[in-house]
Number of protein chains: 2
Amino acid sequence: MSPHDLNVKLDTHEPQLKILDPELLDYIQRRRVEDVVFPAGATIMLEGDVNPPLYSVTEGWAIRYKTLQDGRRQILSFILPGDVIGFQAQFFENAVTSIEAVTDVSLCVVAYRDIADLYQTQPDIAFRFAALAADQKRQMEEQLLSIGQRTALERVSALILDIHNRAEARDMKQAGSIPFPVTQQHVADALGISLVHANRTLKRLQRDGLFRIKGRRLEMLDAAALEQVAQKPTS
Amino acid sequence: MSPHDLNVKLDTHEPQLKILDPELLDYIQRRRVEDVVFPAGATIMLEGDVNPPLYSVTEGWAIRYKTLQDGRRQILSFILPGDVIGFQAQFFENAVTSIEAVTDVSLCVVAYRDIADLYQTQPDIAFRFAALAADQKRQMEEQLLSIGQRTALERVSALILDIHNRAEARDMKQAGSIPFPVTQQHVADALGISLVHANRTLKRLQRDGLFRIKGRRLEMLDAAALEQVAQKPTS
DNA sequence: CGGACCTTTGACGTATATCAAATGGTGTGG
DNA sequence: CCACACCATTTGATATACGTCAAAGGTCCG
């Protein structure tokens with residue numbers, strides 16, 4: 001069996017995993033134990049939680065984050081419907097990041113005995129999970145590049161593009177716009193800038209006609225220009 | 001088989017993998033194909049490289065990084081002897097990050113047919129690799145927290161602590177100090193600050209007696225105080 | 001209709017960047 | 001073994017992107 005037979009090996013020219021691997025999705029459906037709903041604002045998982053479960057997101061948006069002792073919060077990623085969360089956590093005794101619902105969130109809990117067991121009994125599924133995790137690590141590294149090297153204007157552009165592309169790939173676009181329940185405070189915490197500066201930067205990009213955020217929805221107006229501003233990575 | 005039997009499930013209370021999993025090390029030794037040496041400054045791997053190999057570092061230090069088109073560089077991690085590199089890359093067509101030798105670097109090339117094949121034929125080894133990758137992802141997230149939320153002073157403190165702890169865990173400490181071939185430019189590129197500011201910050205921490213860098217070696221003087229400055233994460 | 005939360009705007013402060021140049025190591029070749 | 005060349009470190013002066021503080025609108029929902 002080669003990665004190509006699996007149709008799982010990721011093509012770097014297509015920067016994101018377009019959709020959730022269908023076979024993996026199928027596996028998750030079959031192992032679904034129960035569905036859970038968290039209201040907006042609820043904490044789904046807290047750093048340090050013992051043996052957190054493995055979830056697949058059915059509906060709603062969430063954030064994954066880490067905090068410092070004095071309360072400063074870094075959002076690591078935005079979680080959209082279709083995302084699998086808590087796979088990495090299976091390798092640790094405790095959850096290493098926290099997750100909070102941004103909107104009401106529906107999750108289905110995936111059951112399996114144990115992560116090591118999965119590797120023994122279902123190596124193909126384990127492989128698919130691993131490919132997903134590899135892509136998530138890549139996303140973290142992209143974020144690191146963004147926050148470390150890009151200016152606030154570039155970061156905001158890159159974030160808007162990223163969220164838009166992910167949502168679009170999941171067929172969340174309707175009437176030319178995607179849901180956008182993200183607040184300016186979220187943008188600030190994800191990009192390491194202040195709320196006020198996030199506001200001014202978003203404002204400026206919108207004044208220049210690159211996109212429009214209105215009524216919790218995002219309409220992309222000039223993706224090419226936005227990419228220009230964002231400064232693409234080398235590859 | 002449970003993670004505990006494997007002694008691989010990672011304990012969050014011990015923030016880092018102390019040493020390379022011995023069984024994995026053994027596997028790598030047995031699959032060693034050839035040894036390669038790169039001189040200081042050489043590019044070991046370049047973003048975009050097709051089907052990059054899997055390496056284990058025998059000797060020397062390296063950096064893993066990504067760049068923007070205009071040349072800005074973000075160092076993602078420092079690679080020390082004992083580290084395995086290129087595992088994640090196996091899931092992609094092309095390398096997603098670049099690697100450069102800081103000192104002369106000795107690598108051994110690990111052979112196996114194919115990553116998917118490894119999952120089928122050696123699920124236990126695949127599991128150990130995955131645990132390693134999970135830990136690397138955790139490190140990336142820690143970095144993200146650092147760069148996004150910490151001040152320059154806190155970032156430098158956290159980086160010095162991190163490198164020191166990793167080197168110490170690998171028994172690289174001799175006569176109370178560890179090798180430290182990292183330049184101030186490296187520190188700047190890893191933390192998203194300017195060279196000049198990296199210098200002033202390193203200087204200040206040393207003036208306050210927290211550590212000492214001299215002759216490409218680092219001597220830790222007051223780890224507790226440094227941790228204080230660095231602002232630990234919540235957990 | 002009130003309250004909670006989010007967005008927007010102005011004024012001002014500061015951490016960090018940039019520019020420029022001197023100083024200090026270190027390895028190599030004469 | 002010296003001396004040059006190259007690179008890393010250090011320091012001062014000045015600039016700016018971004019943060020903080022404060023307060024005024026919006027918007028949504030009970």
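Numbered from 1 within each chain, the chains take letters A, B, ... in sequence-line order. Below, each value reflects all heavy atoms present in this structure, side chains not excepted, and no hydrogens, waters or symmetry copies.
Atom CD in Gln149(A) sits about 14 Å away from atom C1' in dT16(C), given to the nearest Å. Straight-line distance from the CZ atom of Arg207(B) to the P atom of dT11(D): 10 Å, rounded to whole Å. What separates CZ of Phe180(B) from C1' of dA8(D) is a distance of 13 Å, to the nearest Å. Taking atom NE2 on His197(B) and atom C1' on dG12(D), their separation rounds to 15 Å, with Å as the unit. Rounded to an integer number of Å, the gap from Leu191(B) CG to dA15(C) P is 18 Å. Taking atom CZ of Arg155(B) as the reference point, atom C1' of dA15(C) lies 10 Å away to the nearest angstrom. The nearest whole Å value for the distance from the CD1 atom in Ile193(B) to the C1' atom in dT18(C) is 14 Å. The interatomic distance linking Arg150(B) (CZ) with dT16(C) (P) rounds to 14 Å, in whole Å.
Side-chain N or O atoms of Gln88(B) include none that pairs as donor or acceptor with a backbone N or O of Lys137(A) at under 3.5 Å. In this structure, Lys66(B) contributes its side chain and Ile75(B) its backbone to no donor-acceptor pair below 3.5 Å.
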Subject >> Base-contact (B) and sugar-phosphate-only (S) positions in nucleotides 5-11 of chain C, heavy-atom cut-off under 4.0 Å, - elsewhere >> reply: -SSBBBB
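Ring geometry, Phe78(A) versus His186(A): the interplanar angle exceeds 60°, so the pair is classed perpendicular (tilted spans 30 to 60°).
Using a 4.0 Å heavy-atom criterion, one finds that Gly192(A) contacts the sugar-phosphate atoms exclusively.
Of all the heavy atoms in Gly60(B) and Val57(B), the pair that sits closest is O-CG1, 3.8 Å. The two residues Thr58(A) and Pro81(A) make their nearest non-hydrogen contact at O-CB, 3.7 Å.
Exactly one residue among Met140(A), Gln136(A), Gln143(A), Gln139(A) makes a side-chain contact (heavy atoms from CB on, under 4.5 Å) with Leu76(A). That residue is Met140(A).
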